[in-house]
There are 2 protein chains.
Amino acid sequence: MESVVFEVLADSTRRRIVETLGAGERAVHVLVEAVDIQQSGVSRHLRILHDAGFVRVRAEGQERLYSLCAGPFRELDKWMRQYRGLWEARLDRFGAELNRRQRARAGKRREIHP
Amino acid sequence: MESVVFEVLADSTRRRIVETLGAGERAVHVLVEAVDIQQSGVSRHLRILHDAGFVRVRAEGQERLYSLCAGPFRELDKWMRQYRGLWEARLDRFGAELNRRQRARAGKRREIHP
DNA sequence: AGTGTATATACACACACGTGTATACATCCC
DNA sequence: GGGATGTATACACGTGTGTGTATATACACT
């Protein structure tokens, strides 16, 4: 994955913003209250998030309302899928249902690291 | 999430190492061939990965064989689960409020990230 | 014993990055 | 109009971090 998804999420303040936006779209000044940095910093983080496709923005009066986009999360999910066998194999012991699902999806997997 | 999972995966070289280990346990000198930095750098990255719980090590002769651990991936999956509604389930759960607000004022939209 | 391989760590350094301050611009309300 | 609020950007700064070089240790093989 050549994407910047992890670089973007590496910053705890940006994660905080993303988590706040998880509850729905928010204006910038609302996000400022959710973190402990200045408004200028929040705006810069929002620019980074926007450039990376994490958020969209729409204007409403003097406010800018930001909300999450699915793209980067899909990318993240896609990247993780290749490691899912690492811990789903362990869940197999608790139910044949999961086992069947994983087996059907994973096909041949060389090694399992519990 | 207070973890360092994203910080660790933010570095492309470390992601490369993780992806290589996804195929099974590997010795350090093998990982060095997979990336384009010196061996000392790889060892330092492996230390970071080890401290963060991404990998385990076992000695075999003069080699150190590294392999992936499930913990951080489980954590990542747990974190992502809270956003899965963005692209899997359509407009249930938290999407209701978002949808209502967006429909109420579906005015001028500046940029859209699909 | 001696040489080559495998790995880890110390040090120095350059560069990226997050932050605060200050400022510019737009919009709202009286 | 004019002050207040909301947001974005320019600049400077300090700190963190990834990397290379050099070195130390452990093991293998002859």
Side-chain angles (χ1 to χ4, degrees), chain A residues 1-21 24-68, chain B residues 1-21 24-68 101 105 107-111 113:
Chain A
M1 165 158 101
E2 26 59 45
S3 79
V4 297
V5 175
F6 288 113
E7 284 89 331
V8 168
L9 292 175
D11 183 75
S12 65
T13 302
R14 278 195 293 268
R15 285 201 303 277
R16 191 72 186 282
I17 291 174
V18 167
E19 287 160 5
T20 303
L21 291 178
E25 69 175 1
R26 295 287 186 271
V28 178
H29 64 98
V30 174
L31 296 173
V32 172
E33 299 170 4
V35 300
D36 55 350
I37 62 170
Q38 300 299 111
Q39 173 268 321
S40 65
V42 174
S43 280
R44 254 178 288 111
H45 281 307
L46 286 170
R47 176 134 169 75
I48 292 171
L49 287 167
H50 185 267
D51 289 349
F54 272 86
V55 297
R56 70 175 70 82
V57 62
R58 67 186 184 90
E60 176 154 326
Q62 52 183 344
E63 292 182 324
R64 301 296 176 99
L65 299 175
Y66 285 84
S67 54
L68 290 181
Chain B
M1 164 157 105
E2 25 62 43
S3 79
V4 297
V5 175
F6 288 113
E7 284 88 333
V8 168
L9 292 175
D11 183 74
S12 65
T13 303
R14 279 196 292 268
R15 286 201 302 276
R16 191 73 185 281
I17 291 174
V18 167
E19 286 160 7
T20 303
L21 291 177
E25 69 176 0
R26 293 289 185 269
V28 178
H29 64 97
V30 175
L31 296 173
V32 172
E33 299 170 5
V35 300
D36 55 349
I37 63 169
Q38 300 299 113
Q39 172 266 322
S40 65
V42 174
S43 280
R44 253 176 289 111
H45 281 306
L46 286 169
R47 176 135 170 73
I48 292 171
L49 287 167
H50 186 266
D51 289 351
F54 273 85
V55 298
R56 70 174 71 79
V57 209
R58 69 185 183 89
E60 175 153 327
Q62 52 184 341
E63 292 182 325
R64 302 295 178 99
L65 299 175
Y66 284 83
S67 54
L68 291 181
R101 294 173 103 182
R105 350 140 148 147
K108 50 204 170 189
R109 209 153 268 190
R110 318 168 89 222
E111 289 119 319
H113 290 285

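Order of the sequence lines fixes the chain letters, A, B, ..., with proteins taken first and strands second; residue numbering starts at 1 for each chain. Values below: every heavy atom of this structure, side chains too, minus hydrogens, waters and symmetry copies. If you're wondering where the values come from, they're calculated on a predicted model, not measured in any experiment.
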Q: Can you tell me the distance, in whole Å, between the CD atom of A:E60 and the P atom of D:dT5?
A: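 So the two atoms are 19 Å apart, to the nearest Å.
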
Q: Quick one: which of C:dG18, D:dT9, C:dT21 gets closest to the side chain of A:D11?
A: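 Of all the options, the side chain of A:D11 is nearest to C:dG18.
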
Q: Using a 4.5 Å cut-off on heavy atoms from C-beta on, say whether the side chain of A:D11 contacts that of B:F6.
A: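 Heavy-atom side-chain distance check fails, nothing below 4.5 Å.
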
Q: Any side-chain heavy atom of A:V35 sitting closer than 4.5 Å to one from A:L31?
A: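 They are not in side-chain contact.
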
Q: Can you tell me which nucleotide in C:dT7, D:dT9, C:dG18 comes closest to the side chain of B:V28?
A: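 The answer is C:dT7.
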
Q: Can you tell me the distance, in whole Å, between the CD1 atom of A:I37 and the P atom of C:dC17?
A: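 Distance check: A:I37 CD1 to C:dC17 P gives 16 Å.
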
Q: Would you say the side chain of B:S40 and the base of C:dT7 hold a donor-acceptor pair, judged only by whether the two atoms sit under 3.5 Å apart?
A: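 Donor-acceptor pair under 3.5 Å: no.
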
Q: For A:I17 and D:dA8, what is the distance between atoms CD1 and P respectively, to the nearest whole Å?
A: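 From A:I17 CD1 to D:dA8 P: 11 Å.
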
Q: Heavy atoms only: give me the nearest B:R14-B:E7 pair and the separation to one decimal.
A: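 That closest heavy-atom pairing would be NH2-O, 3.4 Å.
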
Q: Check whether B:R26 reaches the backbone of B:L65 with its side chain - one donor and one acceptor, N or O, closer than 3.5 Å.
A: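 Between the backbone of B:L65 and the side chain of B:R26 there is no qualifying donor-acceptor contact (under 3.5 Å).
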
Q: Tell me the interatomic distance from B:E63, atom CD, to C:dG4, atom P, rounded to whole angstroms.
A: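 It is 19 Å, rounded to the nearest whole Å.
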
Q: Take B:T13 and B:G61, find for each the nucleotide of DNA chain D with the closest heavy atom, and name the residue whose nucleotide sits nearer the 5' end.
A: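 Counting from the 5' end, the first nearest nucleotide belongs to B:T13.
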
Q: Just jot down the salt bridge (Lys or Arg N to Asp or Glu O under 4.0 Å) partners of B:E63, sequence neighbours excluded, or say none.
A: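 B:E63 satisfies salt bridge (Lys or Arg N to Asp or Glu O under 4.0 Å) with no other residue.
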
Q: On DNA chain C, compare the nucleotides closest to A:Q62 and A:Q39; which residue's is nearer the 5' end?
A: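 That would be A:Q39.
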
Q: Take atom CG of B:L9 and atom P of D:dG18, then tell me their distance rounded to the nearest Å.
A: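 Going from B:L9 (CG) to D:dG18 (P), I get 12 Å.
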
Q: Quick one: is D:dA8 close enough that its OP1 or OP2 comes under 4.0 Å of any side-chain N or O from A:R47?
A: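 Checking D:dA8 against A:R47, no side-chain N or O comes under 4.0 Å of OP1 or OP2.
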
Q: Rounding to a whole Å, what distance do you find between B:H29:NE2 and D:dA28:C1'?
A: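 Checked: the NE2 to C1' distance equals 13 Å.
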
Q: Whole Å only: how far is the CD atom of B:E7 from the P atom of D:dT17?
A: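 One finds 9 Å between P of D:dT17 and CD of B:E7, rounded.
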
Q: If you compare every side-chain N and O of A:R14 against the phosphate oxygens of C:dG18 (OP1, OP2), does one of them come in below 4.0 Å?
A: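 Indeed, a polar side-chain atom of A:R14 lies that close.
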
Q: Return the value, rounded to whole Å, for the distance between atom OH of B:Y66 and atom P of C:dT7.
A: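 Taking atom P of C:dT7 as the reference, OH of B:Y66 is at 8 Å.
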
Q: Let's see if you can work this out: which of D:dG18, D:dT7, C:dG18 has an atom nearest to the side-chain heavy atoms of B:H45?
A: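 Of all the options, the side chain of B:H45 is nearest to D:dG18.
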
